[in-house]
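In what follows, a structure is listed as structure tokens, so that the remarks can point back to it.
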Amino acid sequence: MEAGMVTPAPALVRFSGIQKTYDGEHLVVKNLDLDIRKGEFITLLGPSGSGKTTTLMMLAGFEVPTHGEIYLAGRPIKNMPPHKRDIGMVFQNYALFPHLTIAENIAFPLSVRKTNKADVQERVGSALRMIKMENLAHRRPGQLSGGQQQRVALARALVFNPQLVLMDEPLGALDKRLREQMQLEIKQLHETMGITVVYVTHDQSEALTMSDRIAVFNDGIVQQIDKPDALYEHPVNSFVAHFIGENNVLAGTVETVDKDYCRVALAGGGTVTARAVNVSGAGASTSLSVRPERIAIVPEGTSSDGPNRLPAKVQNTIYLGDHALAVLDVSGNAEFMVKLQPGAHDSLTHGANVSVTFRPEDCLALDPV
Amino acid sequence: MTEASLTGANASTEVPLKRRLRRAERTRQVKALALVLPLLVFLLFTFAGPIAGMLWRAVDDREVRQVLPQTVAALASWDGKDLPDEETFAALASDILAARTSGTIAIAAKRLNYALNGFRTILTSTARNLKAAPERGTAKETLGKINPAWRERATWTTIRDASGPVTGFYLLAALDLVRNVDGAIVAAPPDQAIYRSLFTRTFIISLSVTALCLILGFPVAYLLATLPPGRSNLLMIFVLLPFWTSLLVRTCAWIVLLQSKGVVNDSLHWLGIIDEPLRLIYNRFGVCVAMTHVLLPFMILPLYSSMKAISPAYMRAAASLGAPPVTAFLRIYLPQTLPGIGAGSLLVFILALGYYITPALVGGAADQMISYFIALYTTETANWGLASALGAVLLLATLLLALVYGKLVQGQQVTGGMKN
Ligand SMILES: Nc1ncnc2c1ncn2[C@@H]1O[C@H](COP(=O)(O)OP(=O)(O)OP(=O)(O)O)[C@@H](O)[C@H]1O
Ligand SMILES: [Mg+2]
């Protein structure tokens, strides 16, 4: 997790020991410490109900932390009302004002700040150009498509140059193609305008595409904050390994630990060498994580020099266009996936006995699930 | 891009497309019509029919021509400048004799008396004193001797103006207007001109009640729309409670509360705020209080439904965009409740216009509204024509209001299609 913090920049937002409960019984956010740097695109990623929206709402000022303090540009803002925080927000359902036209919607944040008329007109005009909707300025939100509404919401949240922009699953209601296009547009806006963005999603590919850093939430706790590649390559626990990308799990018990590596006896038979990421010591049960693209299938009987070689039985093969998947039964895991070049799956017959091999550095020993 | 291709397709196949659209719409309309047909038939018999009947009665004027047919016929050719000719007098004498035997004099007398005070005496005394048909050529003299009023032009213009079959007399009367001897429309004499001020009073009371309902109802509707479901349901029951008690009971409850020895006065006296009991009832104050109480739910419910449709996300969005709470309320929340405010106000105002029982029970003489007089004319004096005319004017005013409201709402229609 420290890998992402090697270039210290002044924190624009600091969550310090934040806790939040709605019902006074269980904590929806448990002890959150999080620094958001200026100009950064940070994504809060996590399954449904993990407290992402709650965190965002506390930052925006619509929920009050039960404990802890939030600092914005160094100032505590726990008691600052939302309209004074200078934070732009894009809501999941856009929340465009239905009785105002597109132009009036975008002009709203400027007009409540008593900006003079000519200035408002110019900035609304350039905002409309930015989202390529000059010709729809006088429509009302109800007359726009979902993607168009999304763009307007974005323009409205950016037009007053807030120091921070929050987005709560802004693309959740769009279809896949449009979502991918909007991801790029938002990313581009972030880069050209140099704004700080806090983005909420439960779609991991969206998070990987857009973010400078990702905070993985689960059960009210930030599991890991890191750059996308670091999250993928170096997950700190099974939850993160599972949540980010595809992942094969093998249960086992640690036999010996030797510096960074350990020997693990698998529950389904066999022993492998793995990187000791999150194991307490010899005798502890562990859960191994291996990515599907880091595994090779070798015919049974051929010799190999690697330490990690397990017998496997082909269950199924799936053709996916740009690649293929082999589903194997390995050491008791009947859904062990291996990623193949397209075409390579033809040579695998169902029920055939083969072997799988992978490098020790690609096999992570994590906390048991 | 889709837009361009759509308009492109439109240009080449415009007519068929339009026709197809209309056809598709028509099937839908027919279906909709079929659904409301039973109600429509019901309304036709219980609502549209009676209203048409009432409107007809406002202009219907056949009593005089039934009782005095020959006179009416003879007056048709009268130029109205001098007294009518001998023939007309003779026709009247013969009509009166015929009516006396059939006992219908009173019908014509009542109608003519509306137009000219004292006409009843003229007609009945003539009927009593006219022994037999006067000799040829002496009808004018005979009638003039029995009652000198027959020598006056106004007496005859009254008969002519009442000869029907339709008349504007009642409608004019409802607007404090009359036709003078020369047939011109002029203001009614001050002692008879009561209806315009009556309409004004009716409108003022209705407006005050509407304003009160809006002021009191808006916060309640807001609470209803924003409280958590459990508490909002409880509150809703309180709002609807008045619907479950009879109007009469509720009005009488106000009498108990507000009378000079009532609960309110006693409490104020006991608290030492007043020495003399305040006059809280049998005046405008009492009327407004009681009517507001009765009509409040009609304001709250439309307001509530319009507020319920406003997603809390709008207010949050407004705040996040920098609007302080008051600005957000005025610029974002309030405009979206306008349809509800309009519907509620219109409903309350129109209901208040027709209020009868409540002002009759808790109002003073100067607080009676138009419907009190409509009731008075239909039940006490059986002056159906005037009652209907007052009703027609009220109906027209109400329709105009509804029309204005419709126009206003139409301007708002484009806000539809919220995606929240
Ligand atoms: N207003 C509220 N009152 C009570 N509980 C709430 C409230 N809002 C959220 N919660 C609870 O808090 C937890 C976290 O909710 P939150 O909305 O932050 O989740 P999320 O991570 O945004 O999930 P999603 O991806 O589904 O939007 C959930 O268990 C939810 O039921
Ligand atoms: Mg959420």
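So you know, we letter chains A, B, ... as the sequences are listed, proteins then strands, and number each from 1.
- The choice from Met57(A), Arg156(A), Lys84(A), Gln92(A) that makes the most heavy-atom pairs within less than 4.5 Å of chain B is Arg156(A).
- For the options Arg113(A), Met89(A), Arg85(A), heavy-atom pairs under 4.5 Å to chain B are most numerous at Arg113(A).
- Both the backbone and the side chain of Phe62(A) come within contact range of chain B, each with at least one heavy atom under 4.5 Å from a heavy atom of that chain.
- For chain B, no part of Pro81(A) is nearby; none of its heavy atoms comes within less than 4.5 Å.
- Across every non-hydrogen atom of Lys20(A) and Val64(A), the tightest pair is NZ-O, 2.8 Å.
- Smallest separation of non-hydrogen atoms from Leu96(A) and Gln149(A): CD1-O, 3.6 Å.
- Phe243(B) has its ring centre less than 6.0 Å from the ring centre of Phe298(B).
- Contact record, His26(A) with Thr21(A): O-OG1, 3.1 Å, taken as the closest heavy-atom pair.
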